[in-house]
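Basis for what follows: all heavy atoms, side chains included, without hydrogens, waters or symmetry-related copies. Residue numbers count from 1 along this sequence. Counting starts at 1 for both ligands and their atoms, in listed order.
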Amino acid sequence: MTLKKSLLVGCGSYLPQRIVTNDELAKKVDTSDEWISKRTGIRQRHVAAEGEMTSDLAVEAARRALDNAGMEIGDIDLIVVATTTPDDTFPSTATKVQAKLAMEHGAAFDIQAVCAGFIYALATADNFIRAGQARAALVIGAETFSRILDWEDRSTCVLFGDGAGAVVLRAARADENVDDFGVLSTHLHSDGRHRDILYVDGGPSSTKTVGHVRMAGQEVFRHAVSKLSGVIDEALDANGLTSSAIDWLIPHQANARIIKSMAQKMKLPDDKVVSTIDRHANTSAASVPLALSEAMADGRVKNGDLVLFEAIGGGLVWGAGLVRIGAP
Ligand code: COA
């Protein structure tokens, strides 16, 4: 079997209209703009409206990604939605997105890898395309994390936001000389022993409730720095590259201090790192494609740029992906 390379040919995103500032949160819980911005870099977050669901955000992001790719839904034969906040326990949010996009062919399913969800979804769709099982995929990270926050727990409720980002992957055509364009490699890891440092205290099979996010922040921070730095090295080594080859680091947006520490480790200047944490907060599976979309829309990330994605989330699960954006 000839493996087909997948190319990342479009990106789009969507944020709910409502913005909640740190000052607004400080009226509800014992916190302050100073504490939140100093410890995390977050100044505000978007929060979905009543009745606005993860699939609604995902569909908007998907439409924009298709537009950006110059493709139509008829060209797509796979939808992968990374989410931890699905509309319903079932059917999958991906099938709801499929229906809302009026797509009646192909396959659609969800992936649950919390904040590393987009990397897991990217790896999955890339492997489907490489194996010839799909021609073109919408890879979406979409979350309404506001629905699983304990709004009385200041140690978690200030950290997250809602949003969606999507990319279009398509198989390289036989007549295209793709050279080193496309998804170069993806690297996935998990270690379920760390469940208790970041989890939701509910679920259909355990408590029969939806539950709320619980986190031991400092421990998560420590793991994030070591595991992300390990998987970044792994991605670079696998491609025989050093960090000087990277045009853009597009990291998961959980904490500005974690992002800074990754950039320092890679000896990348700030202007090669895409950061949206100040305005979006942590949007879990949506954070990486949201950041990519913003940097593509404002012209920072261009066709041919080499980008490194990384993310870590509850599980623990973590991963990285190296992609040369666009097509030759
Ligand atoms: N406002 C004000 N004070 C707060 C607060 C808030 N929103 N949240 C916690 N505090 C208090 C704590 O109660 C504690 O008070 P104490 O010293 O009197 O006990 C103090 O601030 C320090 O708390 P601590 O948890 O040690 O702070 P920290 O410097 O570790 O920062 C995080 C907390 C959550 C910002 C940080 O640990 C972090 O970002 N961790 C990683 C989170 C992450 O990446 N999660 C997602 C992974 S996908």
Side-chain angles (χ1 to χ4, degrees), residues 20-45 82-85 111-121 141-146 148-163 165 188-192 194-201 212-232 250-263 275-278 280-291 309-320:
V20 177
T21 62
N22 291 347
D23 283 336
E24 210 177 324
L25 272 185
K27 290 181 190 148
K28 294 185 186 144
V29 283
D30 181 15
T31 188
S32 65
D33 176 48
E34 197 204 344
W35 191 96
I36 302 170
S37 43
K38 203 168 146 208
R39 304 266 179 151
T40 70
I42 297 166
R43 287 191 286 113
Q44 61 170 53
R45 72 284 295 139
T83 189
T84 296
T85 46
I111 278 194
Q112 209 279 58
V114 209
C115 298
F118 178 73
I119 311 280
Y120 270 65
E143 302 278 16
T144 46
F145 242 64
S146 60
I148 56 165
L149 295 175
D150 175 352
W151 288 98
E152 289 177 2
D153 175 9
R154 67 176 184 175
S155 69
T156 51
C157 76
V158 303
L159 302 175
F160 296 90
D162 300 337
L188 304 182
H189 293 279
S190 63
D191 186 344
H194 302 298
R195 182 257 178 209
D196 289 346
I197 63 171
L198 181 52
Y199 65 100
V200 161
D201 59 2
H212 295 117
V213 175
R214 305 293 173 207
M215 180 172 72
Q218 282 195 3
E219 274 196 74
V220 174
F221 194 103
R222 193 167 48 79
H223 280 290
V225 169
S226 72
K227 292 189 164 46
L228 289 174
S229 100
V231 80
I232 287 172
I250 306 199
H252 174 47
Q253 313 280 322
N255 185 312
R257 289 183 288 145
I258 299 176
I259 295 174
K260 203 170 185 54
S261 130
M262 288 310 109
S275 180
T276 57
I277 177 105
D278 56 334
H280 301 169
N282 181 349
T283 56
S284 185
S287 90
V288 168
L290 260 167
F309 302 126
E310 47 86 330
I312 183 164
L316 292 173
V317 288
W318 66 101

Side-chain donor/acceptor pairs under 3.5 Å, residues 24-34, sequence neighbours excluded:
unit_1 : atom_1 : unit_2 : atom_2 : d
E24    : OE2    : R18    : NH2    : 3.3
S32    : OG     : W35    : N      : 3.0
D33    : OD1    : N22    : ND2    : 2.9

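Although no hydrogens or angles enter the test, the distance criterion places a donor-acceptor pair under 3.5 Å between the side chain of W151 and the main chain of S146.
Applying the salt bridge (Lys or Arg N to Asp or Glu O under 4.0 Å) test to residues at least two apart or on different chains, the pairs with a partner in residues 214-232 are D150-R214, D153-R214, D201-R214, E219-R222.
Classified by interplanar angle (parallel below 30°, tilted 30° to 60°, perpendicular above 60°), the ring pair F118/F309 is perpendicular.
In summary, the side chains of T283 and E143 do not present any donor paired with an acceptor at a separation below 3.5 Å, with no hydrogens or angles considered.
Sorted by chain and number, the residues within 4.0 Å of ligand 1 by heavy atom are D30, T31, W35, R39, T40, C115, R154, S155, V158, L159, L198, M215, G217, Q218, V220, F221, H252, A254, N255, R257, I258, N282, I312, G313.
For F160, the ring-ring contact (aromatic ring centres under 6.0 Å, His included) partners are F145, not counting sequence neighbours.
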